[in-house]
Amino acid sequence: MNIRRLLNPIITLAAMTVILCSCQKKEASLQMLSRDFTFSENCKPIDLPYGQWPMTFGDTTAKSFSLRFRTPLPLPMNEKLVDIEDIVMVETYPANSAGDQLINATLFLTDSITGDTPRRRAITLSVPVSELTPDISHDVVVNYTGKDVSLYIDGHLYDSDFPIGTPATGKHLAKIAANRMNVQFYTPALTPVRDESFTSDIPQYWTPPYGNAWVGDVVACYFNGRYHIFYLFDRRGHKSKFGNGGHYFEHLSTPDLINWTEHEAAVPIDKQWETLGTGTPFVHNGELCLSYGLHTTRLFPYERTTLPNMKADYDSLGYTRSLSYDTISGLIPAGSTYAVSHDGGITFEKSHKLFHYCENPSIYVDSLGNLMMLANYGARGTWQSDSLNGGWHSIDADFPPGGDCTFPFRIGNHDYVIGGFSGMWSKPAGTPVTEFRDIVKDGKDCYNGLSVPAVTTLPDGRTIMSGWIKMQNWGGALATHEIIADGNEGTLGSRWIEELIPHLPEVTLSPSAVEATPASFICEFTLTPAEAGKGTATINFGEGALWTLDLNSDRAWFASSADDKPRTLGEGGDLSGARNYAIPARVAANKNIPVRLLVYSRPKFKGSIIDVEIDGRRTMLSFRPDLTVNEISFRDEGISLGH
């Protein structure tokens, strides 16, 4: 797939304090798959005329169907455009929290699989009317396939979710609100065919291009000449699939951190019982594999899954056995599995093998070529096996201590394990696993506001960390920084990656004035203390967003007011929330301290990302809800400002 190049945008600004970026480097570009589709018919449609009349639905309808019609704008409020009782309904809804009228499509289901008693469920998909072209007629398609349900308008995919259960069969009353809508019903469903065109975006601070879609847990690797990012695609902040997440792995890659490509989903959801948890990419037998967990216990009781049998096998044998979940009878697959790529890391095929009862398996190959796993969620410890499919045995039952997602890596002469939201451990390279020590409590970690970061070393020797900036209940924007050794004894820091700095207007900070700014900008300056290790400097972005460097305590922090003193991670602070927190700055002895900060905002964010780099060795990311920066001010005590 060829990667399109973006022309650097020309930005015109009226504010005298803003100048154009003079940097001539190429801006990193992500070529994205089109979100526009055409539809292939698998049957002749049934025309649904205006009025009310009964319809009969059979087993074919319960497996898949499509509802298609045209509707003009503007639309009346609170009107049911199409209502097939107990099957599907499309209606206008007064407003969302932003005051925008919605078109809602609701699918009604009977769930007879996740509990002892059948229960009614409803999935609602939405699109704000403000996103549609006014005063024309629009083509609306509600597409239910059994594994997913999607809402398309004019061929553009706006929303989707994952059902549990099936629509009812038998006779149902159909109500069509207007005789000009040309309503058609298809069973089996239409087949969406993706348009071959592409769109472009920047990969830093990126989210999928839907109003309710976000980047979740990130896992990454370098393979076959490309840096690969796999992320859990999230809609609704962990609330898809009736609040059970409904996550699956999407895939981005780049050969050079400049030219990025979005691929088709690496591990999609194919079954109603599937929802995925984090794992790791790893190379096995020369092929790129992606381990992940089946988080089936979100949907089914533990006793109805394969987990009790898998755990009993291990307790009896001292090692795990492999199961093929295509041959399992009476139980729902759960636990560790993997997908494998046979084409160099672009497309993946599910193995349908279960190899461990852990539900977040972090598999890697150590420096001696051993197949290893760090177990999380449902298990703990370090494991080893001669075969990917079973034979896993524990070699350290206590490290790592479980949790979310753990990733091993090496920088210099130290080995590290980073663990999800807050855990990090280090040991001298080549020493046993038992030598790992907690470095968070000593302030030697490199957490910087990212959630569940993954760490990868590139062929040029750089070690980079990608994760998500929390922007709502769960999930947010993708961000990538470089990890560096920061002094002796295994201390780590981080810095910006030059290839990923977006082209933004530059703002010159003044020590004595409030500076006007665009909503997104970059600013560089130098702080010089009158006395080394003394003084403070604070930048106020407005709306309760302040960043402070305090040399007296050698700390930097984000806060909501000048009186706040947030805690570091080692003190129990919450960095993964990406709001108010502190880090050890490690710059108290410096005479001159260069600082770069960047503010990035998009309408979807409903707020702004602030990214700060201190002395080229420490970075801090924060998302400030409801913040649109229009001006910034600088306040100092014992520190002078230079450029």
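All values derive from a computational prediction rather than experimental measurement.
The structure places CD of Glu262 at 6.5 Å from CG of Leu30, a figure rounded to the nearest 0.5 Å. Between atom CG of residue Leu478 and atom CH2 of residue Trp260 there is a gap of 6.5 Å, rounded to the nearest 0.5 Å. Rounding to the nearest 0.5 Å places CD1 of Ile103 at 6.0 Å from CG of Leu73. With rounding to the nearest 0.5 angstrom, the CD atom of Gln184 is 9.0 Å from the CG atom of Leu190. Remark: Met55 CE to His172 NE2 distance equals 9.5 Å, nearest 0.5 Å. Between the OH atom of Tyr600 and the CD1 atom of Ile202 there is a distance of 3.5 Å, given to the nearest 0.5 Å.
Counting only heavy atoms from C-beta outward, the side chains of Tyr205 and Asp611 approach each other to under 4.5 Å. Looking at Ser160 and Tyr210, their side chains never come closer than 4.5 Å, going by heavy atoms from C-beta outward. Side-chain contact between Val218 and Pro453: absent, with no pair of heavy atoms (C-beta onward) separated by less than 4.5 Å. The closest side-chain heavy-atom distance from Glu27 to Pro502 is below 4.5 Å. The shortest side-chain heavy-atom distance between Lys606 and Met471 does not fall under the 4.5 Å cut-off. Proximity of Phe39 to Val193: side-chain heavy atoms (C-beta onward) are nowhere separated by under 4.5 Å. The closest side-chain heavy-atom distance from Phe407 to Thr280 is below 4.5 Å. Between Asn473 and Arg236, the closest side-chain pair of non-hydrogen atoms is not below 4.5 Å.
Note: Phe230 and Phe249 have perpendicular aromatic rings, judged against thresholds of 30 and 60 degrees for the angle between ring planes. Classified by interplanar angle (parallel below 30°, tilted 30° to 60°, perpendicular above 60°), the ring pair Phe162/Tyr248 is perpendicular. Taking the six-membered ring for Trp and thresholds of 30 and 60 degrees, Tyr377 and His295 have ring planes more than 60 degrees apart, a perpendicular arrangement. Ring geometry, Tyr158 versus His156: the interplanar angle exceeds 60°, so the pair is classed perpendicular (tilted spans 30 to 60°). Under the 30°/60° scheme for interplanar angles, the aromatic rings of Tyr144 and Phe65 are found to be tilted.
The pair Asp326-Lys350 fails the salt-bridge criterion, with no side-chain N (NZ, NE, NH1 or NH2) lying under 4.0 Å from an Asp/Glu carboxylate O. Taking 4.0 Å as the cut-off between side-chain N and carboxylate O, Glu250 and Arg235 do not count as a salt-bridged pair. A salt bridge does not link Asp574 to Lys470: none of the charged side-chain nitrogens sits closer than 4.0 Å to a carboxylate oxygen.
Judged by distance alone, with hydrogens and angles left aside, the side-chain atoms of Asp195 form no donor-acceptor pair with the main-chain N or O of Phe37 at under 3.5 Å. Listed for the Gln472 side chain is a donor-acceptor partner under 3.5 Å among the backbone atoms of Gly475. Between the side chain of Ser40 and the main chain of Thr191, no donor-acceptor pair closer than 3.5 Å is present. At least one donor-acceptor pair closer than 3.5 Å links the side chain of Glu274 to the backbone N or O of Lys271.
Tested against Phe69 for a side-chain contact (heavy atoms from CB on, under 4.5 Å), the candidates Leu48, Val82, Asn182 yield a single pass: Val82.
Shown here is Glu543, whose CD atom has no more than 12 heavy atoms of other residues, nucleotides or ligands within 6.0 Å. Around CG of Asp47, the count of heavy atoms belonging to other residues, nucleotides or ligands within 6.0 Å exceeds 12. Other residues, nucleotides and ligands contribute at most 12 non-hydrogen atoms within 6.0 Å of the NZ atom of Lys63. The neighbour count for Tyr302 OH, taken as heavy atoms of other residues, nucleotides or ligands under 6.0 Å away, is above 12.
For the residue pair Pro118 and Thr110, the shortest heavy atom distance occurs at CB-CG2, 4.2 Å. Contact record, Cys43 with Tyr186: O-CD2, 3.8 Å, taken as the closest heavy-atom pair.
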Inset, instruction - Could you please spell out the steps behind the side chain to side chain donor-acceptor pair (under 3.5 Å) verdict for His247 and Asp217? - result: CA-CA 10 Å; His247 299 126; Asp217 292 356; over 6 Å; no
Inset, instruction - Take Thr337 and Tyr325 through the side chain to side chain donor-acceptor pair (under 3.5 Å) test and state the conclusion after the steps. - result: CA-CA 10 Å; Thr337 185; Tyr325 62 67; 5.1 Å; no
Legend entry - Audit row: Leu109, Gln272, side-chain contact (heavy atoms from CB on, under 4.5 Å) steps and yes/no: CA-CA 12 Å; Leu109 304 163; Gln272 289 198 356; over 6 Å; no
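With no hydrogens or angles considered, no side-chain donor-acceptor pair links Thr124 and Asn104 at under 3.5 Å.
Phe185 has its ring centre less than 6.0 Å from the ring centre of Phe57.
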